[in-house]
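Please read these numbers as outputs of a predicted model, since none were measured by experiment.
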Amino acid sequence: QVQLVESGGASVQSGGSLRLSCTASTNMGSRYCMGWFRQAPGKEREGVATIDSDGRTDYADSVKGRFTISRDNAPNALYLQLNDLKPNDTAMYYCASGGFGACYHYAILARYFTYWGQGTQVTVSS
């Protein structure tokens with residue numbers, strides 16, 4: 001069982017930046033995929049970015065060039081740097097982990113991830 005805890009969400013103005021963090025309760029092993037998702041009120045959960053145990057990354061088109069995912073194997077941390085934030089980035093942001101293959105589908109899909117955090121709120125005002 002892996003427990004994931006997110007932090008770093010806040011209210012910022014359009015154009016601002018935030019850094020989200022996610023800490024895992026245990027080492028993720030040698031082959032894994034971790035990702036960030038977001039969900040706005042009344043909308044489906046959307047995949048934002050993934051990173052696998054080899055360091056390969058993938059991003060949703062809506063955040064390419066603005067968001068950066070990274071990880072630190074000690075202390076089992078995942079990060080998401082959010083730059084040039086826009087009001088439609090407002091959402092609850094979730095950290096998730098899954099098997100290595102979760103990073104290799106035609107899109108970043110929630111159903112391939114096993115463990116989830118409780119989320120951290122990002123609110124962007126214009």
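- Under the 4.0 Å criterion applied to side-chain N and carboxylate O atoms, D84 and K86 are assigned as salt-bridge partners.
- In this structure a side-chain-to-backbone donor-acceptor pair under 3.5 Å is present from E6 to C95.
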Where do T68 and Y59 land on the side chain to side chain contact (heavy atoms under 4.5 Å, CB included) test, with the steps shown first?
CA-CA 8 Å; T68 302; Y59 296 91; 3.8 Å; yes
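- Open room surrounds CD on Q3; 12 or fewer heavy atoms of other groups in view lie less than 6.0 Å from it.
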Could you please spell out the steps behind the side chain to side chain contact (heavy atoms under 4.5 Å, CB included) verdict for I108 and W36? CA-CA 9 Å; I108 302 173; W36 287 97; over 6 Å; no
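- Taking 4.5 Å as the limit, every side-chain heavy atom of S11 sits out of range of all side-chain heavy atoms of S125.
- Side-chain contact between L20 and V122 is present, with heavy atoms from C-beta onward closer than 4.5 Å.
- The side-chain tip of R71 does not point at the ring of Y79 from less than 6.0 angstrom away and within 45° of straight on.
- Rounding to the nearest 0.5 Å places CG of N88 at 11.0 Å from OG of S126.
- Looking at D52 and R31, no side-chain N of the basic residue comes within less than 4.0 Å of a carboxylate O on the acidic one, giving no salt bridge.
- A distance-only check finds no donor-acceptor pair linking the side chain of S25 to the backbone of V2 [under 3.5 Å].
- Using a distance-only test at 3.5 Å, with no hydrogens or angles considered, a donor-acceptor pair links the side chain of N27 to the main chain of G29.
- Contact of the F37 side chain with the E46 side chain is not registered, since no non-hydrogen atoms from C-beta on lie closer than 4.5 Å.
- Ring orientation note: the planes of F67 and Y93 are tilted relative to one another, at an angle of 30° to 60°.
- Hydrophobic cluster membership differs between Y115 and L109, with clusters built from Ile, Leu, Val, Met, Phe, Trp and Tyr side chains linked at under 4.5 angstrom.
- Atom CZ of F113 sits about 11.5 Å away from atom CZ of R111, to the nearest 0.5 Å.
- Contact detail for C22 and L4: the closest heavy-atom pair is SG-CB, 3.9 Å.
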Taking it one step at a time, do R56 and T50 satisfy side chain to side chain contact (heavy atoms under 4.5 Å, CB included)?
CA-CA 8 Å; R56 285 186 290 264; T50 59; over 6 Å; no
Side chain to side chain contact (heavy atoms under 4.5 Å, CB included), that's the test. Do N83 and L18 meet it? Break it down for me. CA-CA 7 Å; N83 294 329; L18 284 174; over 6 Å; no
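- For the atom pair Y32 OH and N76 CG, the distance stands at 8.0 Å (nearest 0.5 Å).
- To the nearest 0.5 angstrom, I69 atom CD1 is 12.5 Å from Q81 atom CD.
- Of all heavy-atom pairs between A40 and A91, the closest is N-CB, 3.8 Å.
- No side-chain heavy atom of V12 sits less than 4.5 Å from a side-chain heavy atom of T123.
- Here CG of D58 is found 9.0 Å from SG of C33. Values are rounded to the nearest 0.5 Å.
- Under the 4.5 Å side-chain contact rule for hydrophobic residues, W116 and M92 share a cluster.
- Put simply, the side chain of S97 never gets that close to the backbone of M34: no donor and acceptor are under 3.5 Å apart.
- Taken together through direct or relayed side-chain contacts under 4.5 Å among Ile, Leu, Val, Met, Phe, Trp and Tyr, V63 and L78 form part of one hydrophobic cluster.
- Note that OG of S17 and CG of L82 are 8.0 Å apart. Values are rounded to the nearest 0.5 Å.
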